[in-house]
Amino acid sequence: MQTRGEYDHKKIERSWQEKWKEQELYKTHESDEKEKCFVLDMFPYPSGEGLHVGHPKGYIATDIYSRFQRMNGKAVLHPMGWDAFGLPAENYAIKNKVHPKVSVDKNIARYKEQLSIIGPDYDWSREINTTDPGYYKWTQWIFLQLFKKGLAYESNEPINWCPSCQTGLANEDLEDGKCERCGSVIVKKPMRQWVLKITDYADRLLNDLETLDWPESIKVSQRNWIGRSEGAEIDFEISGIGDPVTVFTTRPDTLFGATYLVLAPEHKLVDGFKKNITNWGEVEKYREETKKKDEIERTAEGKEKTGVLLQGVRAINPATKKEIPVYIADYVLDHYGTGAIMAVPAHDKRDFDFALKYDLPVICVVEPYDFDQNLVPRIVSDISDEDSQKIYEEIIVGKRCFEGKGRSIHSNIYDGLSSDEARGKITDSFGRKKITYKLRDWVFSRQRYWGEPIPIIHCESCGVVPVPENDLPVVLPEVESYAPTGTGESPLADIDEWVTTTCPSCGGKGKRETNTMPQWAGSSWYYLRYMDPQNTSALVSREREAYWNTVDMYVGGAEHATRHLIYARFWHKFLYDIGVVSTLEPFTRLQHVGLIMGEDGRKMSKRYGNVVNPDEIVVTYGADSLRVYEMFMGPFDQNISWNTDSIMGSRRFIERVWKMGKKVSSEKDSQSSPEALSALHVAIKKVTEDISAFKFNTAISALMVCNNTFEKTNVSKKDFSLFLQLLAPFAPHITEELWSGMEGEGSIHVAPWPRAEEKYLVSDNVTIVIQVNGKMRGEMQVTRGETKENIIGLARKVEGVGKWIDGKVIVKEVFVPDKLVNFVVKEHST
RNA sequence: GCCCGGGUGACGGAAUAGGUAGACGUAGGGGACUUAAAAUCCCCGGCCCUAAACAGGCGUGCGGGUUCGAUUCCCGCCUCGGGCACCA
């Protein structure tokens, strides 16, 4: 595309960007007179590939939002930084023998340049970088506080190990049992690692979701991830052996139907039963096989259940007092609940399948029953009474599994109770209430180089000793080779002079912890650092924290729902508990940005060759056009394909505004016409509402409609300037340029936001729609507020209406003031 | 399997305390300007019927229902996207 005429976006955009920088127009100012507004983007990992047009979408939105807030008189904090620890830089280092720091700095410079040409209002003086020792000092400091409170602990449990990345991973880093990053199948590997006790915060993480203005889908994801379930723990005595088996169940009401127990193969009690088990060889073999299977095999195998009977071990059902067999089976997971279940095949599909295979008794203890209607309901809809009866009979005799609630039977004194009543009473008699979570503690150590060193020293005599806070940061040392050792130790283990140190506690010989923190560490608290980035004595000062308080608007991808957004909430709550922050939640309001897909409908990626570079778009169309286009594409949170043709529409709009601006400023100033005033104030109202609600596409549409009206009528300089202000957050350069040629003083970006005046919003005339039997048959203009009688009288005479009502009986006349009339008619009965 | 979202012209999408479906934009068609093209400006633009216009009919994934009136509310399906998943 050629640039023609006077509108030279390159020149205008570059010169304003320079001026804003000189004037420090976007510098953050704390002010007690102003309300504050903290607007934040999820900060990027500066990858070597640079930005594609999808990346700026969220950044443009926060830019619009923060500019809007500034014009509304708020003290705005809108910063940017870099989440720069992580595997890609490290892998690049291994391949090319370049220190990650070098490539990271280079990538940051490129990112910053690419971002800057889009014209954002970031206050770069508050830029942060998670790999700065001055920054990660505080990441390490938080770890020490967690350690001191017993929330960071060493564990030797088997963890998720990625054989390709050669590091342990947290549950959150997996996707279908594969490494989220490289797709390798994860294996379970027992090794020493650091774990954070996020499960202590499970309830608070769950409950406080209620207080947040977040998309429901993200809240639901977090609820699923935390996975709270209420139930009971029940002890089953083992005949002739001391230790009972404790099971967790959400259906204590089915206790009378528990006909066997199942333990996870890894369950500790299995070893305790060893001397009683007569088929130990078989048991051991099954346990070995289970251990060999990776997560995929164990779960994907799905349907066909396997297990081994523990011969010689018999449990006693505390309700029926009957002896029941005990199995180990890999469909029971050691890490969930108590690692043991009571199997109720009549009321659990999995137990039912297992019982069928091993020929175990199925005893129905809950019959389908509807207490509201006092009858046996249809279990399956759309079937005949006979079939329904047949299903009912199968359930009663244990030939079919029924997982629903109903009425207790075969349950002694509990017979006749509803499932909910039975649940409570049986729990009271035979067990105790218990709540479990799917959420597991956060495996926090990585056996890699490019991360924050965990500030711990291992002393031969004192054991695990935290690095004194005064010695922070523990700086990441230079290494010869960045490659993981593969032995479960990080490359840091090879640096003797770094590893060997003195114990801060006894002064004896100590060794540094060589594991590093996961990528999520630095991003779990970074928003706080923007409040006070230069502070060397605290991660944030009390005053600054008190002022900025919490992030008012947080924007980023939905893929962080169960990773970053859970970790950060966890750390924030911990920092609240130790008095560092004064709020319970870090992000009050969250909007998630939909992806910009490639023109082919696939995810934009080098691999598909569908990447569009924003730099080129800015060169060709200008930053303002790019910004307007990305916001105009569709609803902000929706995934939409890029279309280079369509950007023309935004470019044309910008050019038309330019022409209008030139016309208005060059001609003699005139009064705005009523149409222009009405269009302007409708736009003010709409744009104001829509920016607040993140509905940028309709805001831009309203601006287009307004400008289209202006082109056909007279607009004063003053009113056109108001229009420019509405457009300013979206297209900051062209509006500043035109503003400077009008009467505007100073920068348009700090001019007070326009207010819609009610008198221009309502017109005296309204259009009344005339319907006959609900179908539109005509319309007419009348003055606002006409009575029903007058309107109906007029409506009958409107052209094209008569033939629908003449000779018919009017049954009813529906009237909606200032909107419509509807004649309900029918034929004359003869 | 369970839980969330969605399905509207050729395309991106507007409009839901029930009240003119298709705003705005892209692509397309026609015209003006031009030696010509690009750009710009004006007009058309859901489908059927019609030479065309008018009139009429149909139309918001499918099938029912409530209502004077349903894209919007209710019931039952189909389908796409996402989250969780042998979680007891």
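By convention in this document, chain letters (A, B, ...) are assigned in the order of the sequence lines, proteins followed by strands, and residues within each chain are numbered from 1. No hydrogens, no waters, no symmetry mates; every other heavy atom, side chains included, goes into these values. None of the values given here were measured: they were computed from a predicted structure.
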Subject >> Atom NZ of A:K268: over 12 foreign heavy atoms under 6.0 Å >> reply: no

Original post:
For A:D645 and B:G28, what is the distance between atoms CG and P respectively, to the nearest whole Å?
Top reply: 8 Å

Original post:
When we call it a touch if two heavy atoms are under 4.0 Å apart, what does A:Q638 touch: a base, just sugar-phosphate, or nothing?
Top reply: sugar-phosphate

Subject >> Touch class at under 4.0 angstrom, heavy-atom based, for A:R223 against every strand present >> reply: nothing

Original post:
With sugar-phosphate meaning primed atoms plus P, OP1 and OP2, does A:W804 contact a base, only sugar-phosphate, or nothing at under 4.0 Å between heavy atoms?
Top reply: sugar-phosphate

Subject >> Sugar-phosphate only, base, or nothing, as touched by A:K659 at under 4.0 Å among non-hydrogen atoms >> reply: sugar-phosphate

Subject >> Under 4.0 angstrom between A:N639 side-chain N/O and B:G81 OP1 or OP2 >> reply: no

Original post:
Does B:U26 have a Watson-Crick or wobble mate here (both distances under 3.5 Å), and if so which one?
Top reply: B:A10

**OP:** Would you confirm whether A:H592, through its side chain, and A:V555, through its main-chain N or O, come within 3.5 Å as a donor-acceptor pair?
**Re:** no

**OP:** Please state how far atom CG in A:N822 lies from atom C1' in B:C68, giving the value in whole angstrom units.
**Re:** 5 Å

Original post:
Mind checking the P distance from B:A17 to B:U66? Whole angstroms is fine.
Top reply: 23 Å

Subject >> OP1 or OP2 of B:U20 under 4.0 Å from side-chain N/O of A:R777 >> reply: no

Subject >> Separation of the C1' atoms in B:A15 and B:G83, to the nearest angstrom >> reply: 30 Å

Original post:
Using the C1' atom in both, what is the distance from B:G22 to B:U34, to the nearest Å?
Top reply: 36 Å

Original post:
Which part of the nucleic acid does A:S646 contact within heavy-atom distance under 4.0 Å: base, sugar-phosphate only, or nothing?
Top reply: sugar-phosphate

Subject >> Cation-pi geometry met for A:K305 and A:F354 (6.0 Å, 45°) >> reply: no

**OP:** Mark yes or no for a side-chain to base donor-acceptor pair under 3.5 Å between A:Q771 and B:G19, with no hydrogen or angle criteria applied.
**Re:** yes

Original post:
What nucleotide, of B:G13, B:A88, B:C68, holds the atom closest to the side chain of A:K812?
Top reply: B:C68

Subject >> Separation of the C1' atoms in B:U20 and B:U60, to the nearest angstrom >> reply: 15 Å

Original post:
P atom, B:U40 versus B:U26: distance in rounded Å?
Top reply: 9 Å

Subject >> Separation of B:C4 P from A:I226 CD1 (nearest whole Å) >> reply: 17 Å

Subject >> Atom C1', compared across B:U8 and B:C47: separation rounded to whole Å >> reply: 14 Å

Original post:
From the list B:C86, B:C58, B:G12, which nucleotide is the closest neighbour of the side chain of A:K305?
Top reply: B:C86

Original post:
Using the P atom in both, what is the distance from B:C24 to B:C41, to the nearest Å?
Top reply: 15 Å

Subject >> Atom pair distance, as rounded to whole Å: CZ in A:F823 and P in B:G69 >> reply: 16 Å

Subject >> Rounded P spacing from B:C49 to B:C2 in Å >> reply: 44 Å

**OP:** Please check the phosphate of B:A88 (OP1 and OP2 only) for any side-chain N or O of A:S229 closer than 4.0 Å.
**Re:** yes

Subject >> Length of the line joining A:N697:CG and B:G13:P, which is rounded to integer Å >> reply: 9 Å

Original post:
Just by distance, do the side chain of A:R563 and the backbone of A:E559 share a donor-acceptor pair under 3.5 Å?
Top reply: yes

